[in-house]
Amino acid sequence: MTEFLNVQLLTKSAFAPFGDVIEADPATMRYINNGTTERFHALAAPQAVGEGARVIINLFRGQPRAFPYEIGMMERHPFGSQSFSPISAHPYLVVVSEDEDGKPGRPQVFLARGDQGVNYRRNVWHHPLMSLRAVSDFVVVDREGPGNNLEEYFFETPFIISEPCL
Ligand SMILES: NC(=O)N[C@@H](O)C(=O)O
Ligand code: NI
């Protein structure tokens, strides 16, 4: 039986089980550079485990997804975190799942604003990048190093996101 997923707004509290929201949170702000710059401090902390592992910074250029969209798989990165920070100012979707005995549970879909980034903590189930509306660039901070840092799971029956809006 096809299951449709609803979409919720991305908030720090709702996303807390999965990682961090990278946004200009006033509670994290301190002035630097003689008061000319606001520093929103330590919004997330990259993780990269394993001998020889390092944190790297990438650019991802995502093609917009078409809807209705089938969420047929999820993935996770056992050895490192992965963050996505939009630099094209377009909204995008963030799809995550709790872990249920080594498999992803029912996906949860968040609509992220174009000024919100996310950091998936290490080993958190998520769907690959889901850009909306237009080709969108993201600064991606994740882990490079030895070992297979990609685990994928394919659902027997895909979930459907009918529309990306709320
Ligand atoms: N494969 C890759 O680098 N990207 C995915 O991990 C993703 O989450 O988009
Ligand atoms: Ni990923």
Side-chain angles (χ1 to χ4, degrees), residues 5-12 14-23 43-161 163-165:
L5 300 173
N6 62 19
V7 179
Q8 59 183 302
L9 287 178
L10 178 67
T11 65
K12 189 173 288 192
F15 194 70
F18 308 104
D20 316 281
V21 176
I22 301 169
E23 61 185 349
L43 300 175
Q47 300 161 297
V49 300
E51 186 67 31
R54 64 180 183 146
V55 174
I56 56 173
I57 299 175
N58 318 271
L59 271 180
F60 280 27
R61 178 160 292 166
Q63 299 295 317
R65 304 288 186 160
F67 292 83
Y69 186 83
E70 288 191 357
I71 299 288
M73 61 81 66
M74 299 288 273
E75 64 171 38
R76 62 181 178 179
H77 308 299
F79 302 124
S81 59
Q82 187 175 49
S83 74
F84 290 81
S85 295
I87 54 177
S88 301
H90 298 309
Y92 61 105
L93 288 189
V94 173
V95 184
V96 287
S97 294
E98 303 271 7
D99 181 62
E100 293 179 358
D101 302 325
K103 298 176 182 175
R106 179 185 177 84
Q108 298 181 48
V109 184
F110 295 94
L111 177 63
R113 298 192 313 262
D115 64 350
Q116 291 180 302
V118 289
N119 178 57
Y120 302 123
R121 270 195 296 276
R122 181 166 77 92
N123 227 24
V124 166
W125 289 109
H126 60 279
H127 188 276
L129 176 61
M130 293 193 70
S131 299
L132 296 176
R133 298 184 189 167
V135 174
S136 303
D137 287 356
F138 295 77
V139 174
V140 175
V141 179
D142 59 10
R143 180 254 191 205
E144 182 183 61
N148 178 13
N149 193 32
L150 174 62
E151 179 181 355
E152 295 176 312
Y153 180 87
F154 293 83
F155 294 115
E156 281 184 24
T157 306
F159 296 85
I160 306 289
I161 303 173
E163 269 302 316
C165 54

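Ligands are counted one by one from 1 in listed order, and the atoms in each one are counted from 1 as well.
Among the atoms of Tyr120, no N, O or S atom is found under 2.8 Å from the Ni ion (ligand 2).
For His126, the N/O/S atom at the shortest distance from the Ni ion (ligand 2) is named NE2.
When all heavy atoms of Pro46 and Ser81 are compared, the pair lying nearest together is CA-OG, 3.3 Å.
Using bins of under 30°, 30° to 60° and over 60° for the plane-to-plane angle, the ring pair Phe155/Tyr153 lands in the perpendicular bin.
Protein residues having a heavy atom under 4.0 Å from any atom of ligand 1 are Phe60, Glu75, His77, Gln82, Phe84, His126, Pro128, Leu129, listed by chain and number.
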Q.
Using the rule given for side chain to side chain contact (heavy atoms under 4.5 Å, CB included), can you reason through Ile56 versus Arg143, listing the C-alpha separation, both sets of side-chain angles and the distance that settles it, and then say yes or no?
A. CA-CA 6 Å; Ile56 56 173; Arg143 180 254 191 205; over 6 Å; no
Q: Apply side chain to side chain contact (heavy atoms under 4.5 Å, CB included) to Arg76 and Glu152, showing your working.
A: CA-CA 7 Å; Arg76 62 181 178 179; Glu152 295 176 312; over 6 Å; no
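Between the side chains of Glu75 and His126, at least one donor-acceptor pair of N or O atoms lies under 3.5 Å.
At the Ni ion (ligand 2), the angle from OE2 in Glu75 to NE2 in His77 is 90° when rounded to 10°.
Using a 4.0 Å cut-off between charged nitrogen and carboxylate oxygen, Lys12 and Glu23 do not count as a salt-bridge pair.
Crowding of Arg61 atom CZ: a count of heavy atoms from other residues, nucleotides or ligands under 6.0 Å not exceeding 12.
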